[in-house]
Amino acid sequence: MGNAQEKPPGSGGGGPSPDQATAGMRNRSGGSMKKPSAGKGVANGTQKERSPVGGQEDQDRPAVDTSYLDAPAGALPPHLARFKNEGNHLFKHGQFGDALEKYSQAIDGCAEAGIDSPEDLCILYSNRAACYLKDGSSADCIQDCTKALELQPYSLKPLLRRAMAYESLERYRKAYVDYKTVLQIDTGVQAAHDSVHRITKMLIEQDGPEWREKLPGIPTVPLSVQQQHRDKPVSAEVAQARAARAVQEEARRKEARFTLLKQEGNDLVKKSQFQAALEKYSECLSLKPEEYAVYTNRAICLLKLNRFEEAKHDCDSALQLDPTNKKAFYRRALAHKGLQDYLSASSDLQEVLQLDPNVREAEQELEVVTSLLRQSLMDSTAHTPRV
């Protein structure tokens with residue numbers, strides 16, 4: 001987690017237990033772990049066999065890396081920084097209850113030492129709120145987020161976490177206000193966008209057309225706060241997450257646009273508006289050039305417009321992507337027919353029937369093409385001068 005406030009709640013998983021994180025320091029009862037004295041294990045002048053538990057195998061076990069505990073943590077003194085760093089480590093490994101205890105120790109330690117650092121205390125309260133949220137203690141989460149926001153107004157993480165807690169308690173109006181405040185600070189928080197859309201539907205069902213009038217006032221975030229947030233350097237982890245979200249969003253938009261264009265093209269073909277349909281399919285292929293079905297669809301339009309060479313090329317492209325595409329073979333046969341290449345047309349129709357002998361249209365077209373091929377050969381022979 002590094003700094004737990006720099007990562008929204010949701011990370012976690014299996015990991016070392018608190019005892020492993022402090023191996024060699026204390027046991028579960030809180031007492032120090034005693035090493036066996038040199039004299040123990042000796043009876044009647046002879047050494048007893050070592051038990052495999054706690055014996056040589058323990059000596060061979062690699063030491064647990066706890067160097068992260070001594071990392072700097074804002075303005076906190078070292079002993080409180082260790083509590084915070086250990087809480088971050090525990091949170092990262094899904095041990096939310098243990099992490100909560102460490103953040104509480106850090107918060108209490110600040111009070112005892114008279115430390116007045118609003119930024120550090122805001123982070124500690126926000127981090128502890130994330131633990132409460134993970135453990136389902138939404139009311140405690142709201143209380144800690146509110147304290148964090150009193151220390152650092154318009155802090156993004158506490159606002160987002162409090163909104164989630166309000167939503168889990170079905171306090172949708174308050175959740176809506178916090179989510180909208182988050183989006184004033186950072187419009188790129190996709191979770192807030194999704195939640196606003198979801199909650200808007202719930203509030204319309206709950207309060208009717210006048211739902212906005214029943215909302216608490218949404219605070220206006222000062223421009224200086226918005227600019228400060230934009231200028232704040234982001235960690236590599238946050239930057240990667242944002243980039244991944246941007247890629248996903250772009251892919252989603254592209255897919256939705258592609259689906260719409262393809263459907264519009266299909267509808268235009270049904271209306272025999274082939275030129276307009278061709279343009280829709282061409283735009284589809286600019287978005288997803290690997291969609292072989294669009295090539296065969298566009299080939300229909302080109303055939304209807306007597307653009308046989310272009311139709312043949314589209315069928316070639318479809319067959320490169322899908323070598324057993326019956327539609328591509330059939331429509332290429334029609335393109336060959338239009339180009340008066342009856343031999344190639346016959347070959348493609350035979351491919352169709354080899355793939356599926358039940359394609360009646362291919363059988364009928366093969367008869368026509370065979371007749372045209374025979375006629376063209378006869379015409380060619382009749383015009384060949386005898387030597």
Side-chain angles (χ1 to χ4, degrees), residues 1 3-13 91-92 94 96 126-127 129-142 144-146 148-149 152-221 225-226 229-230 232 234-260 287:
M1 185 169 168
N3 182 335
Q5 180 148 1
E6 294 303 318
K7 185 180 290 185
S11 64
F91 188 98
K92 181 178 179 181
F96 307 120
S126 180
N127 289 359
C131 298
Y132 282 130
L133 190 63
K134 285 290 186 182
D135 282 342
S137 302
S138 297
D140 291 324
C141 173
I142 291 168
D144 268 9
C145 288
T146 302
L149 290 165
Q152 293 280 96
Y154 305 112
S155 185
L156 192 68
K157 298 289 185 182
L159 273 169
L160 188 58
R161 288 166 184 165
R162 189 171 70 177
M164 292 175 177
Y166 278 138
E167 187 177 0
S168 72
L169 294 174
E170 299 183 7
R171 297 168 69 178
Y172 296 125
R173 297 188 191 118
K174 286 184 175 290
Y176 182 92
V177 168
D178 276 353
Y179 282 129
K180 292 292 281 187
T181 307
V182 166
L183 291 173
Q184 288 184 64
I185 301 168
D186 186 347
T187 58
V189 182
Q190 189 59 44
H193 282 292
D194 296 340
S195 297
V196 165
H197 292 151
R198 183 173 58 252
I199 291 173
T200 298
K201 294 177 182 177
M202 293 178 179
L203 289 175
I204 291 172
E205 292 176 3
Q206 175 181 300
D207 298 332
E210 311 300 326
W211 66 276
R212 290 184 184 277
E213 298 177 7
K214 299 181 181 181
L215 289 174
I218 300 174
T220 301
V221 178
V225 174
Q226 298 178 37
H229 180 78
R230 284 194 292 268
K232 183 180 178 181
V234 298
S235 66
E237 191 174 73
V238 172
Q240 289 173 358
R242 287 182 180 176
R245 283 199 301 271
V247 169
Q248 291 172 353
E249 180 61 20
E250 178 60 27
R252 187 192 65 78
R253 283 198 297 266
K254 183 185 288 188
E255 184 64 33
R257 179 66 178 158
F258 173 86
T259 302
L260 177 63
L287 295 171

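Just so it is clear, the structure is predicted and the values come from calculations on it, not from any experiment.
In this structure, OG1 on T200 lies 6.5 Å from CZ on R212, to the nearest 0.5 angstrom. From R162, atom CZ reaches atom OG of S155 across 11.0 Å, with rounding to the nearest 0.5 Å. The distance from the SG atom of C141 to the OH atom of Y132 is 10.0 Å, given to the nearest 0.5 Å.
Distance alone, capped at 3.5 Å, places no donor-acceptor pair between the Q152 side chain and the P158 backbone. Checked by atom type and distance alone, the side chain of H193 never pairs as donor or acceptor with a backbone atom of L183 at under 3.5 Å. For S195 (side chain) and A192 (main-chain N/O), no donor-acceptor pair under 3.5 Å exists by modelled atom type. Using a distance-only test at 3.5 Å, with no hydrogens or angles considered, no donor-acceptor pair links the side chain of R161 to the main chain of C145.
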Carefully, step by step, assess W211 and Y172 under the rule ring pair (Phe, Tyr, Trp, His ring centres under 6.0 Å). CA-CA 11 Å; W211 66 276; Y172 296 125; over 10 Å; no

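Among all heavy-atom pairs drawn from F91 and C131, the shortest one is CD1-SG, 3.6 Å. When all heavy atoms of E167 and A175 are compared, the closest pair comes out as N-CB, 3.7 Å. Of all heavy-atom pairs spanning K214 and R173, the tightest one is O-CD, 3.2 Å. Of all heavy-atom pairs spanning D178 and A163, the tightest one is CB-CB, 3.6 Å. Of all the heavy atoms in Q184 and I218, the pair that sits closest is NE2-CG2, 3.7 Å. In terms of heavy-atom proximity, G217 sits nearest to V177 at O-CG1, 3.8 Å.
Using a 4.5 Å heavy-atom cutoff, the side chains of K201 and I204 are not in contact. Taking the side chain as every heavy atom from C-beta outward, V182 and D186 never approach each other to under 4.5 Å. When side chains are defined from C-beta on, R198 counts as touching M202, because their heavy atoms get closer than 4.5 Å. Between I142 and K174 the shortest side-chain heavy-atom distance does not fall below 4.5 Å.
Between R253 and E249, at least one side-chain nitrogen of the basic residue sits less than 4.0 Å from a carboxylate oxygen of the acidic one, meeting the salt-bridge criterion.
For the side-chain contact (heavy atoms from CB on, under 4.5 Å) with Y179, the qualifying choice from L159, V189, L160 is L160, the only one to do so.
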